[in-house]
Amino acid sequence: MQLETSTIMMFFFLALFVISIWKIYVFLPRKRLADDDTTQASQEELTRLMLDVISEKKGLLNEKELFEAIKAKESFDAKHYWRFNQNRLKQLLMRYYLQHPDTQSIMDIYKKIA
């Protein structure tokens, strides 16, 4: 019984394809990390912290000052939110602006929550 070259090539192709799919599957994460700060609860906590700081400072701060004030707040968990940066704060602000269309700035947020 002789196998044709194309049959042998197809067998090796399928075998290596299955092995490569398995290798990709092994390295994909299957559970949430303990310090995952992208969950809904984490985002709500960061938003609450942001609103607390805006309320404390009476809305008289810019994005950089807000970022520094949030990081300096005692209830800010630096270990859990180790990825928190100014870009993440901008995303939080944009998310808040989308949820509350009548706000366009930090001062508008303060007027809304005061």
Side-chain angles (χ1 to χ4, degrees):
M1 180 177 121
Q2 270 189 327
L3 294 175
E4 290 186 29
T5 305
S6 61
T7 307
I8 295 171
M9 288 174 59
M10 183 59 79
F11 171 75
F12 279 110
F13 171 77
L14 290 175
L16 293 174
F17 183 72
V18 168
I19 290 171
S20 64
I21 295 290
W22 175 78
K23 285 175 70 175
I24 291 171
Y25 172 77
V26 167
F27 288 104
L28 290 176
R30 293 192 251 327
K31 61 180 180 178
R32 288 207 176 265
L33 299 175
D35 64 348
D36 186 12
D37 62 350
T38 60
T39 62
Q40 184 69 24
S42 295
Q43 287 192 358
E44 288 172 3
E45 184 179 349
L46 278 175
T47 303
R48 183 185 50 77
L49 279 169
M50 178 184 72
L51 294 176
D52 288 347
V53 169
I54 291 172
S55 180
E56 288 172 7
K57 303 289 184 179
K58 300 186 185 332
L60 300 172
L61 64 169
N62 59 25
E63 286 183 7
K64 185 170 183 159
E65 293 169 342
L66 178 60
F67 172 71
E68 295 299 328
I70 290 173
K71 286 189 76 166
K73 193 156 176 67
E74 197 170 302
S75 57
F76 180 77
D77 184 8
K79 195 171 194 176
H80 182 71
Y81 297 112
W82 64 274
R83 287 183 225 114
F84 185 69
N85 56 22
Q86 285 184 320
N87 189 37
R88 181 73 190 275
L89 176 62
K90 286 181 183 182
Q91 290 174 1
L92 280 176
L93 285 169
M94 287 299 161
R95 184 171 170 246
Y96 189 86
Y97 296 150
L98 287 173
Q99 290 175 345
H100 303 92
D102 55 331
T103 58
Q104 297 295 321
S105 66
I106 294 173
M107 185 53 83
D108 290 344
I109 295 173
Y110 174 70
K111 289 176 184 174
K112 183 172 178 70
I113 62 176

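It should be emphasised that the depicted structure is a prediction, and the values quoted were computed from it without experimental measurement.
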Nearest 0.5 Å, please: how far is [atom2] in [Y] from [atom1] in [X]?
X: L92; Y: N87; atom1: CG; atom2: CG; value: 10.0 Å
X: I54; Y: L61; atom1: CD1; atom2: CG; value: 6.5 Å
X: D77; Y: E45; atom1: CG; atom2: CD; value: 7.5 Å
X: L98; Y: T103; atom1: CG; atom2: OG1; value: 9.0 Å
X: Q91; Y: M94; atom1: CD; atom2: CE; value: 10.0 Å

For [X] and [Y], work out which heavy atoms get closest and say how close.
X: Q104; Y: P101; answer: NE2-O, 3.4 Å
X: I70; Y: F76; answer: O-CB, 3.3 Å
X: A69; Y: V53; answer: CB-CG1, 3.4 Å

Legend entry - With sequence neighbours excluded, residues passing salt bridge (Lys or Arg N to Asp or Glu O under 4.0 Å) with K90: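 K90 satisfies salt bridge (Lys or Arg N to Asp or Glu O under 4.0 Å) with no residue once adjacent residues are dropped.
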
Inset, instruction - Please identify each residue that fulfils salt bridge (Lys or Arg N to Asp or Glu O under 4.0 Å) with D108, with sequence neighbours left out. - result: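 Result, salt bridge (Lys or Arg N to Asp or Glu O under 4.0 Å) vs D108: none returned.
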
Legend entry - Stepwise side chain to side chain contact (heavy atoms under 4.5 Å, CB included) check, R48 with L51: CA-CA 5 Å; R48 183 185 50 77; L51 294 176; 5.8 Å; no

Inset, instruction - Give every residue pair that meets the ring-ring contact (aromatic ring centres under 6.0 Å, His included) criterion with at least one member in residues 50-73, sequence neighbours excluded. - result: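 Passing the test, one end in residues 50-73: F67-F84.
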
Inset, instruction - Hey, could you give me each pair passing ring-ring contact (aromatic ring centres under 6.0 Å, His included) that has a residue in residues 94-114? Not counting sequence neighbours. - result: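 Pairs touching residues 94-114 that pass the test: Y96-H100.
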
Legend entry - Student check: side-chain heavy atoms of N85 and R88 closer than 4.5 Å: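 Yes, their side chains come closer than 4.5 Å.
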
Legend entry - Pairs flagged by side chain to side chain donor-acceptor pair (under 3.5 Å) wherever residues 58-74 is involved - sequence neighbours left out: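 For residues 58-74: E56-K73.
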
Legend entry - Residues, nucleotides or ligands: over 12 heavy atoms within 6.0 Å of Q40 CD: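 Yes, enclosed.
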
Legend entry - Atom CE of M9 with >12 non-hydrogen neighbours under 6.0 angstrom: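 No.
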
Legend entry - Linked hydrophobic residues, I21 as query - side chain contacts closer than 4.5 Å: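 Members other than I21 - counting any ILVMFWY side chain reachable under 4.5 Å - are F17.
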
Inset, instruction - Let me see the working for T47 and R95 under side chain to side chain contact (heavy atoms under 4.5 Å, CB included), right down to the final yes or no. - result: CA-CA 9 Å; T47 303; R95 184 171 170 246; 3.8 Å; yes

